[in-house]
S.K.: 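Below is one structure. I have some questions about it.
Starting from 1, each residue takes its place in the sequence as its number. All values below come from the heavy atoms of this structure, side chains included, with hydrogens, waters and symmetry mates left out.
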Amino acid sequence: MKLGLTGSIATGKSTAAGFFREEGCPVIDADVIAREVVQPGAPALQEIESAFGSSVIAGDGTLDREKLGTIIFNDPQKREQLNAIVHPAIREKMKEQAEEAEASHPIVVLDIPLLFENELFYLVDQTAVVYVPEQVQKERLMKRNNYSEEDALSRMDSQLSIEEKKQRADFVILNTGPEEETSRQVKKLVEALLKKHQDGTP
């Protein structure tokens, strides 16, 4: 089965993903794939160059993220144009890697930050959200990134609220305690999913 793992900024999704790896589950990371699909020679990079011009390609043939970021930062239309090139390539590669991993592993985790925002449910069988209350999320974000309260809230508001994700997810991993407690929850979830897999229940 394919489990979609998500969360929100500063809720600890990467920590939880690490614990799934420790339990032997392959983790397919959307952020890693997003970098892979724009490597030199990749069709998506060629499309980006056609759409945004050769100035977004660095001297060594790689994507100049800073230059591209400057172009799309204040232009929603350009951002949409970029997403229309990159997102299908990411989804296709995730789907391929998930199917390949599923052939030899009963549980494959797809780590997708914007799973709910982009409604990517067709890629997964069930969803798990790494959750902390919004107050904790805000405090962690301010501490981790040295943000003001206003900056932290603005970053949080750019995503679907963690409360809504919690309501919509099949499973919730509470990440307010020590890491050992988060690890224990992941272990318990993997055991439950393995049992369902062995029993043949959906």
S.K.: CD/Glu149 to CG/Asp151 distance, rounded to the nearest 0.5 angstrom?
M.R.: 10.5 Å
S.K.: Using salt bridge (Lys or Arg N to Asp or Glu O under 4.0 Å), reason through Glu181 and Arg184 one step at a time and then give a plain yes or no.
M.R.: CA-CA 5 Å; Glu181 174 54 27; Arg184 190 189 64 77; 2.9 Å; yes
S.K.: List in chain and number order the residues that pass side chain to side chain contact (heavy atoms under 4.5 Å, CB included) with Thr182, two or more places apart in sequence or in another chain; answer none if no residue qualifies.
M.R.: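 Applying side chain to side chain contact (heavy atoms under 4.5 Å, CB included) to Thr182 gives Phe19, Ile173, Asn175.
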S.K.: Are Leu45 and Ile57 close enough that some pair of their side-chain heavy atoms sits under 4.5 Å apart?
M.R.: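 Sidechains of Ile57 and Leu45: in contact.
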S.K.: When hydrophobic residues are tied together by side-chain contacts of less than 4.5 Å, even through go-betweens, does Leu5 share a cluster with Val186?
M.R.: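 Linked, Leu5 and Val186 end up in one cluster.
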S.K.: Can you tell me how far the OG1 atom of Thr62 sits from the CD atom of Gln39, to the nearest 0.5 Å?
M.R.: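 Nearest 0.5 Å value for the OG1-CD distance: 8.5 Å.
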S.K.: Could you verify whether a donor N or O on one side chain and an acceptor N or O on the other, from Thr6 and Lys165, lie under 3.5 Å apart?
M.R.: no
S.K.: So how far is it from Ser8 OG to Leu141 CG, rounded to the nearest 0.5 Å?
M.R.: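 Nearest 0.5 Å value for the OG-CG distance: 10.5 Å.
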S.K.: Is it true that Phe121 and Leu160 fall in one hydrophobic cluster, defined by side-chain heavy atoms closer than 4.5 Å?
M.R.: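 Same cluster: Phe121 reaches Leu160 through Ile, Leu, Val, Met, Phe, Trp or Tyr contacts under 4.5 Å.
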S.K.: To the nearest 0.5 Å, what is the distance between CG (Asp125) and NZ (Lys196)?
M.R.: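 Between Asp125 CG and Lys196 NZ, I get 9.5 Å after rounding to 0.5 Å.
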S.K.: Can you see which heavy atom on Ala17 is nearest to which on Asp111, and at what distance?
M.R.: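 Here Ala17 and Asp111 meet closest at CB-OD2, 3.7 Å.
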S.K.: Give me the atom names and distance for the closest heavy-atom approach of Arg65 to Ala34.
M.R.: NH2-O, 4.5 Å
S.K.: Would Arg168 count as a cation-pi partner of Phe116, with NZ or CZ less than 6.0 Å from the six-membered ring centre and within 45° of the ring normal?
M.R.: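 Judged by the rule (NZ or CZ under 6.0 Å from the ring centre, within 45° of its axis), Arg168 is not positioned above Phe116.
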S.K.: Would you check if Glu23 and Val109 make a side-chain contact, meaning some heavy-atom pair closer than 4.5 Å?
M.R.: no
S.K.: Over all heavy atoms of both residues, which pair between Ala10 and Arg140 is shortest? Give the atoms and the distance, please.
M.R.: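 Nearest heavy atoms, Ala10 then Arg140: O-CD, 3.6 Å.
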S.K.: Got a donor-acceptor contact below 3.5 angstrom from the Asn118 side chain to the Leu120 backbone?
M.R.: no
S.K.: Should Glu134 and Ser161 be marked as a side chain to side chain contact (heavy atoms under 4.5 Å, CB included) after you check the CA-CA gap, both sets of side-chain angles, and the distance that decides it?
M.R.: CA-CA 8 Å; Glu134 287 183 337; Ser161 90; 3.3 Å; yes
S.K.: Return yes if some donor-acceptor pair links the side-chain N/O of Gln159 with the main-chain N/O of Glu117 below 3.5 Å, else return no.
M.R.: no
S.K.: Answer yes when Lys187 and Glu180 have at least one side-chain N-carboxylate O distance shorter than 4.0 Å, and no when they do not.
M.R.: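 No, no charged N to carboxylate O under 4.0 Å.
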S.K.: Can you tell me how far apart CG (Leu68) and CD (Glu66) are? Round to the nearest 0.5 Å.
M.R.: 11.0 Å
S.K.: Is it true that Glu139 and Lys143 have a side-chain N and a carboxylate O under 4.0 angstrom from each other?
M.R.: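 Salt bridge: no.
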S.K.: Verify side chain to side chain contact (heavy atoms under 4.5 Å, CB included) between Leu174 and Gln185, making sure each step is shown before the conclusion.
M.R.: CA-CA 8 Å; Leu174 181 63; Gln185 290 177 67; 3.8 Å; yes
S.K.: Yes or no on side chain to side chain contact (heavy atoms under 4.5 Å, CB included) for Ile162 and Val132, after CA distance, side-chain angles and deciding distance?
M.R.: CA-CA 8 Å; Ile162 192 65; Val132 298; 5.7 Å; no
S.K.: Decide whether Val27 and Phe171 are clustered together by the hydrophobic rule: side chain heavy atoms of Ile, Leu, Val, Met, Phe, Trp, Tyr closer than 4.5 Å, transitively.
M.R.: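 Result: yes, single cluster for both.
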S.K.: Is there a side chain to side chain contact (heavy atoms under 4.5 Å, CB included) between Leu189 and Leu3 once you walk through the steps?
M.R.: CA-CA 11 Å; Leu189 175 54; Leu3 178 69; 4.3 Å; yes
S.K.: Taking all non-hydrogen atoms of both residues, which atom of Thr176 and which atom of Pro133 are closest, and how far apart?
M.R.: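 Minimum heavy-atom separation between Thr176 and Pro133: CG2-CD, 3.5 Å.
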S.K.: Measuring from atom CD of Gln137 to atom CZ of Arg144, what distance do you get when rounded to the nearest 0.5 angstrom?
M.R.: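 These two atoms lie 9.5 Å from each other.
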S.K.: Check the hydrophobic clustering (I, L, V, M, F, W, Y; side-chain heavy atoms under 4.5 Å; chains of links allowed) and say if Leu110 and Met1 are grouped together.
M.R.: no
S.K.: Would the distance check show the side chain of Thr127 and the main-chain N or O of Asp170 forming a donor-acceptor pair, the cut-off being under 3.5 Å?
M.R.: yes
S.K.: Do Ile33 and Val124 belong to the same hydrophobic cluster, where Ile, Leu, Val, Met, Phe, Trp and Tyr are linked whenever their side-chain heavy atoms lie under 4.5 Å apart, directly or via other members?
M.R.: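 Yes, it is one cluster - the side chains of Ile33 and Val124 are joined through contacts under 4.5 Å.
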S.K.: Side-chain contact, heavy-atom cut-off 4.5 Å: Lys13 with Pro113?
M.R.: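 The answer is yes, as the side chains (C-beta and beyond) meet within the 4.5 Å cut-off.
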S.K.: Any side-chain heavy atom of Ser54 within less than 4.5 Å of one from Phe52?
M.R.: no
S.K.: Just wondering, do Asp29 and Arg35 contact through their side chains at under 4.5 Å, heavy atoms?
M.R.: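 No; the side chains remain at least 4.5 Å from each other.
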S.K.: List the atom pairs, donor and acceptor, that lie under 3.5 Å between side-chain atoms in residues 77-98 and the rest of the protein, sequence neighbours left out.
M.R.:
from  : atom 1 : to    : atom 2 : distance (Å)
Arg79 : NH1    : Ile72 : O      : 3.0
Arg79 : NH1    : Phe73 : O      : 2.9
Lys93 : NZ     : Glu36 : OE1    : 3.2

S.K.: Looking at Glu179, I'd like to know if its CD atom is crowded, meaning that more than 12 non-hydrogen atoms belonging to other residues, nucleotides or ligands lie closer than 6.0 Å.
M.R.: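 Not more than 12 within 6.0 Å, no.
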S.K.: Near Asn146 CG, under 6.0 Å, is it more than 12 heavy atoms from other residues, nucleotides or ligands?
M.R.: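 No.
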